[in-house]
Amino acid sequence: MKGISAKRSRGSGQCRKWEGFLFILPSLAGVLVFIFIPFLDVIRRSFTEVMSGKFVGLKNFRTVFSNTAFRQAAYNTFRFTGICIPMLIFCSLAAAVLLQGQKKMGSILKSMYLMPMAIPVASVVLLWKLLFHVKGMLNGILSLAGMRAVDWMNSEYAFGVLVFSYIWKNLGYDVILWLAGLAGISGDIYEAARVDGAGEWRCFISITLPNLLPSLYTIAVLSFLNSFKVFREAYLVAGDYPHSSIYMMQHLFNNWFRELSLDKMAAGAVVNAVVILMLVLLLQRVWEKE
C-alpha cells in the first residue's frame, strides 16, 4: 500500500508540473511567434543588404554609428532617461509616503494620480496643444502679464515639456507600486524603533528605504521601459522632425521606416535592444549586491 501511495504521489507531482507548463504555454507560444522569432529575423537582417539579402557583415552597424541623426537621437534618449527616471522615482516615493498616512482622502488622491493613465493619448495631445501652442493658454497668461509669447515645442523649452509630460503620465502608476511596497512593511518594526527613541526621519532612512529596495528595482525597470512610450505624445504634438532637443530614437526609427531603410532599422534595433538589456542586467546586479 505504501508503494502504491508513493507512486500516486509521484504521479500527481508530475501532473502538477505539466499543469504549470500547460498554463504558461499560450503566453509562451505568443512570445515566441510574435516577439522572439521576429527579433531573430531582425538580427539576421542587420547583417544583410536590404534588397539583395547579401551578407555585409558589420557594414550596417558602421552606417548607423556614423549617422548624425542616430547619435543625436541616442544622446537625447539617454539624456531624457537619465533625467526623468530619478525625478519620477523621487516624486512618486514622496507622494506615496504622504498618501500612506491619509485614510480619508487617500482613495480620492490615488484615483486622481491614476487619472492621467486613463486619458487617451489623443486627448493628452490636444491638451498639450491647448497649453503649449504659440497661441495657447500658457502664452495667453504670459501676454496678460506683459511677457513675450514662447514657442514652447519649437525651442529649448520642448525638452522640459516632454519631461513634464512623462512624469505627469507615469507618476500615479509608480505611486501605486510604492504604496504596495510600503504596505508590506510590518508596523511592529516602526513601533519597536519609536520605543527606542527613533524619529520619523530615522525610521524612514533605517527601516522604510531598506525594505523598499525590491520595489525600487521593479519601479526603476518599469519606469525605464515606460520612458520609450513618450514618443507618441512627442510625435503627435511636434511631428516627424521636432526640435532637436526632443528628437528621440523612436522618431529616428519612424523616419527610417518611412524611407524603407530596413537595414539601418534592423541594425539600430539590435543596438537598442543590447543597450537596454545591458542596463537592465546592470541594474539587477547592483540590486543583488545591495
Side-chain angles (χ1 to χ4, degrees), residues 72-73 75-99 102 104-179 219 222-255 258:
Q72 178 69 36
Y75 169 75
N76 288 336
T77 303
F78 277 114
R79 180 188 173 207
F80 178 81
T81 304
I83 292 175
C84 285
I85 292 181
M87 288 181 62
L88 178 62
I89 290 176
F90 176 79
C91 293
S92 59
L93 177 59
V97 171
L98 293 175
L99 278 177
Q102 300 290 333
K104 294 182 179 180
M105 297 293 294
S107 58
I108 299 175
L109 292 174
K110 290 177 187 177
S111 301
M112 290 177 61
Y113 277 120
L114 287 175
M115 279 186 65
M117 296 191 65
I119 300 176
V121 176
S123 301
V124 174
V125 170
L126 183 62
L127 177 62
W128 283 171
K129 288 184 176 180
L130 182 66
L131 288 174
F132 299 109
H133 193 265
V134 178
K135 297 182 180 180
M137 293 179 60
L138 194 55
N139 279 328
I141 296 172
L142 292 178
S143 63
L144 290 176
M147 301 174 67
R148 188 179 63 180
V150 178
D151 191 358
W152 299 97
M153 297 307 299
N154 292 301
S155 63
E156 64 274 7
Y157 297 103
F159 185 79
V161 173
L162 197 63
V163 170
F164 173 76
S165 174
Y166 169 76
I167 294 177
W168 175 78
K169 184 83 173 177
N170 295 277
L171 182 66
Y173 181 63
D174 284 8
V175 167
I176 298 302
L177 294 177
W178 281 124
L179 287 173
I219 292 170
L222 291 176
S223 300
F224 176 68
L225 297 177
N226 286 333
S227 66
F228 290 92
K229 299 178 182 179
V230 77
F231 162 74
R232 297 174 299 178
E233 288 84 353
Y235 176 78
L236 292 174
V237 171
D240 294 330
Y241 295 96
H243 189 264
S244 59
S245 64
I246 59 171
Y247 188 76
M248 315 292 278
M249 291 296 294
Q250 297 90 337
H251 290 96
L252 182 68
F253 286 132
N254 182 72
N255 295 332
R258 192 180 61 248

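Start at 1 with the first residue, then count along the sequence.
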Q.
Please report the interatomic distance OG(S245) to CG(N154), rounded to the nearest 0.5 Å.
A. 9.5 Å

(Q) Could you check whether any side-chain heavy atom of S223 comes within less than 4.5 Å of a side-chain heavy atom of N170, counting everything from C-beta outward? (A) no

Q. Rounded to the nearest 0.5 Å, how far does CE of M137 lie from CG of L131?
A. 6.0 Å

(Q) Is there a side-chain contact between T81 and Y166 in this structure, where contact means two heavy atoms from C-beta onward sitting under 4.5 Å apart? (A) no

Q | From CG (L252) to OH (Y247), nearest 0.5 Å | A | 4.5 Å

Q | Distance, nearest 0.5 Å, that separates CD of E156 from OG of S244 | A | 10.0 Å

Q.
Main chain of V161, side chain of S165: is a donor-acceptor contact present, judged purely on distance under 3.5 Å?
A. no

Q: Kindly compute the distance separating CH2 (W128) from CG (L162), expressed to the nearest 0.5 Å.
A: 10.0 Å

Q | Side-chain touch I246/N76, heavy atoms, less than 4.5 angstrom | A | no

Q: Of all the heavy-atom pairs spanning G140 and S143, show the shortest one and how long it is.
A: O-OG, 2.7 Å

**Q.** Over 12 non-hydrogen atoms of neighbours within 6.0 angstrom of CZ in R258
**A.** yes

**Q.** From CD1 (I141) to CE (M147), nearest 0.5 Å
**A.** 11.5 Å

Q) Under the criterion side-chain contact (heavy atoms from CB on, under 4.5 Å), which of N226, I219, L171 is the partner of L88? A) L171

(Q) Measuring only between side-chain heavy atoms, which start at C-beta, is N139 closer than 4.5 Å to W152? (A) yes

Q) Is it true that atom CZ of F159 has more than 12 heavy atoms of other residues, nucleotides or ligands lying nearer than 6.0 Å? A) yes

Q: Might you point out which heavy atoms bring V175 and S92 nearest each other, and give the distance in Å?
A: CG2-O, 3.7 Å

(Q) When you compare the side chain of W178 with that of I89, does any pair of heavy atoms fall below 4.5 Å? (A) yes

